[in-house]
**Student:** 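Before anything else, here's the structure in question.
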Amino acid sequence: MNDHEREWSQMISAAIMNAKNTGRSDIADYLTLRAANDTIRIAGIQWLFENLIGIAAEANRINAAVTTERVDPHSFDLRGARLTGSLLQIRLGVRCLTVEAGWTRSPADGFMRGGALAAAKLTHFGIPRSNVELLLIKGDEAPHWRQVADGKAALDFELDGLARHFAIFVGG
């Protein structure tokens, strides 16, 4: 959890306590649900970034000279909504794979389409046909990332999907 997320969590916790103290259990319940969903969102984004960084680190063990840079907080637009989260850029010479992941934080930001908890964009510099959008969807057992096709979350996106995008990034 980065400083921005930690501060956000503290603000939500304070708002929950305030709502309970003023007898607004409906608001406290809503904020408690939101905090639980935020925990899932943070874990989903952390999974995405840590695994991609791990793939890059493995490539560096084979002398690939890949660099990574993470920016927190980061805001970006996706399908008419303003998402706040994190940015990860992976570079190899002039090649760049950018991953932006986050969720809407307020009603003014728009809404998360398709019942998603969070969304992500993987952007390949100079290879737009390889770009993808992902949605973090609540599953029966656990939340999971799904790749968007025709505007809907259609395909499961797992570790092998990250490996394929890294292979595209390095030119393989």
**Student:** CG of D26: more than 12 outside heavy atoms within 6.0 angstrom?
**Tutor:**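 Check passes, neighbour count above 12.
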
**Student:** Which atoms form the tightest heavy-atom contact between F166 and I90, and what is the distance?
**Tutor:**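 Looking at all heavy atoms of both residues, the shortest contact is CE1-CG2, 4.2 Å.
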
**Student:** Could you grab the distance from atom CD1 of I27 to atom NZ of K20, nearest 0.5 Å is fine?
**Tutor:**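 It comes to 13.0 Å.
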
**Student:** R91: what forms a salt bridge (charged side-chain N to carboxylate O under 4.0 Å, His left out) with it, not counting sequence neighbours?
**Tutor:**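 Applying salt bridge (charged side-chain N to carboxylate O under 4.0 Å, His left out) to R91 gives none.
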
**Student:** Would you check if the side chain of R146 reaches a backbone N or O of I137 as a donor-acceptor pair within less than 3.5 Å?
**Tutor:**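 No, the answer is negative, given that no donor and acceptor are paired below the 3.5 Å cut-off.
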
**Student:** Closest approach of L159 and W47, non-hydrogen atoms and distance?
**Tutor:**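 Scanning both residues, the minimum pair turns out to be N-CH2, 3.8 Å.
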
**Student:** With a 3.5 Å distance limit and no angle check, can you tell me whether K138 reaches the backbone of G115 through a side-chain donor-acceptor pair?
**Tutor:**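 No; zero donor-acceptor contacts below 3.5 Å.
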
**Student:** Might you point out which heavy atoms bring A81 and F111 nearest each other, and give the distance in Å?
**Tutor:**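 Scanning both residues, the minimum pair turns out to be CB-O, 3.8 Å.
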
**Student:** Return yes if some donor-acceptor pair links the side-chain N/O of D109 with the main-chain N/O of L83 below 3.5 Å, else return no.
**Tutor:**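 Not at all, since once roles are kept as given, no pair shorter than 3.5 Å links the two residues.
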
**Student:** With a cut-off of 6.0 Å (strictly less than), are more than 12 heavy atoms of other residues, nucleotides or ligands near CZ of R24?
**Tutor:**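 No, the 6.0 Å shell around CZ holds no more than 12 heavy atoms from other groups.
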
**Student:** Who passes side-chain hydrogen bond (donor to acceptor under 3.5 Å, both in side chains) against R61, sequence neighbours left out?
**Tutor:**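 R61 satisfies side-chain hydrogen bond (donor to acceptor under 3.5 Å, both in side chains) with E58 only.
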
**Student:** Return the CG to CG distance between L52 and L88, rounded to the nearest 0.5 Å.
**Tutor:**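 Result: 5.5 Å between the selected atoms.
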
**Student:** Treating Ile, Leu, Val, Met, Phe, Trp and Tyr as nodes and any side-chain heavy-atom pair under 4.5 angstrom as an edge, say whether L31 and M11 lie in one connected cluster.
**Tutor:**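 In one cluster with L31: M11, no.
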
**Student:** Using atom types as modelled and distance alone, determine if a side-chain donor or acceptor of R95 lies under 3.5 Å from a backbone N or O of F169.
**Tutor:**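 Yes.
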
**Student:** Can you sort out the partners of F49 under ring-ring contact (aromatic ring centres under 6.0 Å, His included), two or more places apart, ordered by chain and number?
**Tutor:**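 ring-ring contact (aromatic ring centres under 6.0 Å, His included) list for F49, sorted by chain: empty.
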
**Student:** Is it true that L87 and I42 fall in one hydrophobic cluster, defined by side-chain heavy atoms closer than 4.5 Å?
**Tutor:**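 No, it is not one cluster - the side chains of L87 and I42 are not joined through contacts under 4.5 Å.
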
**Student:** Under a 3.5 Å distance rule, please check whether R113 uses its side chain to pair with a backbone N or O of R79 as donor and acceptor.
**Tutor:**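 Looks like yes, one N/O pair under 3.5 Å.
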
